[in-house]
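Here's the structure we're looking at; comments come further down.
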Amino acid sequence: MSTDDIFVYRFEEGHARGDGSQKDLLGGKGAGLAEMARLGMPVPPGMTLTTEACRSYLEHGFFPEGLEMQVRQGIAWLEKTTGRGFGDVNNPLLLSVRSGAARSMPGMMDTVLNLGLSEDSVEGLARQSGDRRFAYDCLRRFVQMYTSVVMGVDDAVLEEVLVRHRRRAGVDDDHELGWEELFAISEAMRQKAVEVTGRDVPRGPFGQLWGAVEAVFRSWEAPRARAYRKLHQMSGGGWGTAVNIMVMVFGNLGDESASGVAFSRNPATGEARPYGEYMIATQGEDVVGGRRSPGPLGMNEEQHGGMAAMERLMPEQYAELCGYMEDLERNYHDMQDVEFCVERGKLWMLQTRAAKRTGQAAVRVALEMCEEGMIDEEEAILRVDPKLHLERALHRQIAGSPPDAIARGQAASPGAASGEIVLSSERAVERANDGESVILVRPMTAADDVEGLHAAAGVLTAQGGLTSHAAVVARGIGTPCVCGVGALRIDEDEGGIYLGETFFKEGDRITIDGGSGEVFGEALELKDPTITGELKTFLELADRYRRLEVRVNVDSGEEAELAREMGAEGVGLCRTEHMILESREAVRAMRQVLLSTDWEMREQGLEELVNYQRQEIAQILRAMDGLPVMVRLLDPPAHEFLPGTPAGRKSVAEVLGISEEAVGWRVDALRETNPMLGFRGGRLAMVYPQIYEAQVQAIVEASRQVQDEGVRTRVEIAIPMVADPGEAGHLIAVINDAVARHLYGLSREADVAVGVMVEVPRAALLAGELALEADFFSFGTNDLTQLMWGMSRDDASRFIEAYRDQGVLTEDPFEILDRAGVGLLMRQALKQGRMVYPQLAAGVCGEHAGEPNSIRFFEALNLDYVSVSPYRVASARLAAAQAFVREEQAARSGEAWRGGLAPMRRQSNGD
Ligand code: PEP
Ligand code: MG
């Protein structure tokens with residue numbers, strides 16, 4: 001880097017829209033401020049230190065050459081603009097120093113306000129403002145933030161100082177403290193910092209400034225920021241945060257001042273009306289900190305007994321704010337979330353960014369903006385996040401009519417959740433890892449709770465409004481949340497909570513409804529979501545832009561019915577071994593087949609399996625009524641069906657009526673060193689073809705049965721774990737023979753297709769030969785990933801973490817398809833297969849099939865369908881539409897997609 005590098009931009013110099021957006025360089029906040037300044041909105045003067053400066057600092061441990069000089073020039077300009085002096089004891093210029101990465105990480109990184117103030121200049125500020133209490137309030141805030149953020153003094157220690165002084169003064173709230181007490185508090189905090197760190201808070205303004213800038217840069221690497229990026233799949237290094245240095249404006253300058261946050265539309269429902277919260281005589285962190293309950297923006301939101309609305313108390317500023325939000329929406333073509341401040345009657349805009357919203361709001365805003373002509377249909381489809389807004393936010397509801405609520409709070413993030421009460425984030429993570437559904441109950445949450453918030457099924461807080469940390473994060477990740485519950489008291493000593501008079505200990509079960517704000521003192525039954533209203537309209541719009549078919553992986557008729565309601569267009573995988581595992585009787589029959597030594601008993605077991613599977617498959621066929629249904633023949637790691645302990649063997653021996661010794665002998669004979677690479681899939685039928693023949697019988701008979709009821713059928717039979725074309729040919733012949741034996745009477749269109757799972761790398765490599773035998777390919781990307789990486793899919797998460805922590809891998813290949821490796825093989829296999837057999841149908845049914853980045857790849861690959869778990873059908877419909885739109889856009893702009901491979905063009909658009 002040279003001294004010519006520009007690390008500092010004044011707000012007027014940047015911009016945030018269109019192709020030339022400087023978001024990566026200036027961070028989201030810096031770019032937003034620049035854009036507002038450009039639009040002529042009242043933004044306090046300031047400048048942004050670039051993310052490039054941060055990266056350089058993090059790499060070398062010191063500021064890049066030229067940075068300090070450019071900042072000093074910027075400060076001189078601010079002094080000139082404001083007529084104040086940085087460090088001037090009579091007329092001090094105060095600054096806010098705030099972080100702002102390219103992608104928003106709400107509340108994750110650091111901020112220092114009121115910087116430039118010291119014991120020397122506080123009296124100057126008092127004179128300048130004519131308000132001594134205000135000046136000392138600023139000093140207290142500055143010392144507290146500086147010692148915490150920059151010097152690393154524990155927040156709890158500082159809070160203790162505050163509490164002690166409040167108690168001594170006999171008041172409950174900080175705003176009741178007089179200037180003398182505020183001064184005493186800042187002195188005591190400073191003293192604490194000296195005790196803890198051996199250093200004093202710098203009095204000189206530049207000493208303060210460099211310390212704050214370094215702290216903000218370093219906060220990029222703080223554990224909580226790393227955890228946030230990991231949870232949100234924001235890849236590791238290389239980005240950094242910008243730093244925004246802005247002239248302080250004061251929302252705490254008496255009753256004509258206020259600070260607040262506002263949304264251009266309602267972030268919970270999407271209603272097109274400004275929505276927000278504000279507090280008179282405060283600075284920004286008071287509103288978002290959730291310590292006190294704020295008032296609403298508009299009069300329509302006023303609650304009896306609560307703080308009056310801004311619209312009532314500050315009508316002019318309210319109207320001005322609404323006007324700016326409208327302008328910002330028109331400028332960005334998206335719903336905005338702004339921070340503002342009123343200083344003695346003058347409105348200042350402090351931040352704007354695309355608003356985080358619930359799934360319901362995302363869908364409504366996209367549809368309405370499309371109707372308003374602000375965005376086109378393609379853009380509307382891209383506006384809703386399949387994972388965040390649909391998959392996680394297609395929320396469960398309370399089934400039936402609920403009992404009376406035991407408490408009520410703010411409906412902060414929709415959906416119902418029921419589970420065990422946990423009082424800490426650590427406990428939430430621990431119990432969630434044990435497979436428990438948990439409700440995290442806290443007085444309020446902070447950035448350190450991020451992992452607990454992700455682990456919890458629901459969040460309940462005693463304090464805070466709709467813009468409190470808990471509410472914002474919960475909405476962002478689609479977790480139900482009720483906050484600001486007045487009747488909730490957490491009693492750490494007793495290890496539980498009071499909801500009104502009733503005590504619940506940690507571990508007791510409750511239910512919350514984040515759509516109504518109600519809390520219930522028991523675990524209520526929840527029901528799955530349905531697709532109706534705006535969501536239905538939106539998904540139908542997306543469907544018009546979709547080429548990939550979306551099928552579902554189901555193991556029962558019930559699941560198939562639910563999936564149809566979600567819009568599934570067929571079954572892409574029915575795991576018959578899972579079907580067996582769901583019934584005790586069927587498991588017993590399966591054990592009889594595997595463990596009995598005499599042939600007659602085995603045949604009897606097989607017959608029972610045929611009967612059971614015939615019924616289940618018939619139900620699935622009924623639910624799908626003419627849509628394709630792929631049934632996969634048995635692929636059991638055999639050990640899943642065998643008793644593992646002596647007691648288990650004893651009981652199985654009793655149930656089957658054979659000797660314990662015989663059971664032991666068979667279990668030993670079937671024991672495998674590595675079951676995942678053992679007696680699975682087609683290998684089973686190489687040894688026991690009768691098993692597959694029996695399954696084919698069940699499938700064909702089920703088809704005939706439902707056809708007699710007038711149901712149409714389209715059946716596909718797949719063989720799992722095939723490794724060799726000869727093996728495939730042999731097994732397909734076995735199956736075709738069995739089909740022919742049982743087929744008579746089936747109508748023409750019920751012809752059964754027989755294909756293979758492509759999930760062993762060798763099969764993929766020999767796909768050309770395989771396609772000579774098979775009617776279709778179904779890519780099993782779970783096994784394909786496991787076998788190509790040589791990593792057990794059940795254990796990989798243990799070591800993949802280490803790869804991700806060290807930035808070697810940015811994605812977990814078991815979650816997001818490894819396009820470079822597994823994807824390359826899939827592409828080659830498909831190409832070879834279709835060269836031999838151009839009509840070869842091909843889909844994917846591993847877990848990746850429902851993951852949006854992977855779907856983008858499957859679209860480019862020209863697969864026919866993805867087959868996903870039932871709860872992902874709706875999100876996969878959207879992700880597939882988005883993949884199509886993006887592919888079209890890439891083609892229109894002549895740019896090949898950069899997702900790992902150049903895309904292959906589609907053959908048809910599926911209209
Ligand atoms: C796969 O391997 O991707 C697959 C769908 O099969 P299973 O998960 O049942 O092994
Ligand atoms: Mg598999």
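Just so you know, these numbers use all the heavy atoms, side chains as well, and skip hydrogens, waters and symmetry mates. Atoms within each ligand, like the ligands themselves, are counted from 1 in listed order. What you are looking at is a predicted structure, and each value in this text was computed from that prediction instead of being measured.
- Taking all heavy atoms of E759, E847, Q786, E577 into account, the minimum distance to atom 2 (O) of ligand 1 is reached by E759.
- Near D783, the atoms of ligand 1 lying under 4.0 angstrom from a non-hydrogen atom of the residue are 1 (C), 2 (O), 3 (O), 10 (O).
- Each of the atoms 5 (C) of ligand 1 lies under 4.0 Å from some heavy atom of C845.
- In this comparison of R793, M721, M676, R632, the heavy atom closest to atom 8 (O) of ligand 1 sits on R793.
- Looking at E559 and R564, no side-chain N of the basic residue comes within less than 4.0 Å of a carboxylate O on the acidic one, giving no salt bridge.
- One finds a salt bridge joining R588 and E585 here, because a Lys/Arg side-chain nitrogen approaches an Asp/Glu carboxylate oxygen to under 4.0 Å.
- For atom 3 (O) of ligand 1, the closest non-hydrogen atom of the protein is N782 N, 2.7 Å.
- Sorting the N, O or S atoms of D783 by how far they are from the Mg ion (ligand 2) puts OD2 first.
- Close approach of ligand 1 to G780 is summarised as follows: ligand atoms under 4.0 Å from at least one heavy atom of the residue are 1 (C), 2 (O), 3 (O).
- A salt bridge links D635 with R680: the closest approach of a Lys/Arg side-chain nitrogen to an acidic carboxylate oxygen falls below 4.0 angstrom.
- The proximity of L573 to ligand 1, defined as any non-hydrogen pair under 4.0 Å, is limited to the side chain.
- Interface of R680 with ligand 1, defined as ligand atoms under 4.0 Å from a residue heavy atom, comprises 10 (O).
- Among heteroatoms of the N, O or S kind in E759, OE1 lies nearest the Mg ion (ligand 2).
- We find that R856 and E851 are not joined by a salt bridge, their nearest charged nitrogen and carboxylate oxygen being 4.0 Å or further apart.
- Side-chain contact between V836 and E769 is absent, with no heavy-atom pair separated by less than 4.5 Å.
- Using a 4.5 Å cut-off on side-chain heavy atoms (C-beta onward), L817 and N853 make no contact.
- Salt-bridge annotation for E569 and R551: absent, with no side-chain N of the basic residue lying under 4.0 Å from a carboxylate O of the acidic one.
- For the pair E727 and R683, the salt-bridge criterion is not met [side-chain N within less than 4.0 Å of a carboxylate O].
- By the criterion of a heavy-atom distance under 4.0 Å, the side chain of R575, and not its backbone, is placed next to ligand 1.
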